[in-house]
Amino acid sequence: MRTKYHGSTYNDHPLNISSKNHEGFYREILEPIDSLMEHMVGKYGQVFFVRFDLKFPANTDHSCMNDNVLF
């Protein structure tokens, strides 16, 4: 069972809040990302972190359910 976190920051890091994620964030995803960022910044001093989202165009026939399975 995943636990949800509701807030605008996590461990003093801002979260990307939008109308699509009003239900919260999964702690099981936030914690490893936060740990990895803290480790890398501690090791290298400067880290370039990139977020890359893939989405289907709005006019496509494909639909994804909440579990991210493509039908």
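We use all heavy atoms of the structure for the numbers below, so side chains are in, but hydrogens, waters and symmetry mates are not. Because the structure is predicted, anything quoted here is derived from the model rather than measured.
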**Request:** Flag the pair Asn11 / Glu38 as yes when at least one side-chain heavy-atom distance between them is below 4.5 Å, and no otherwise.
**Result:** no
**Prompt:** Residues in salt bridge (charged side-chain N to carboxylate O under 4.0 Å, His left out) with Lys4, at least two apart?
**Reply:** Glu23
**Asked** Under 6.0 Å between the ring centres of Tyr10 and Phe25?
**Response** no
**Request:** Taking all heavy atoms of Pro32 and all of Arg27, pick out the closest pair and write down the distance.
**Result:** CD-O, 4.3 Å
**Message:** Through direct or indirect side-chain contacts below 4.5 angstrom among Ile, Leu, Val, Met, Phe, Trp and Tyr, which residues connect to Phe49?
**Reply:** Tyr26, Ile29, Ile33, Met37
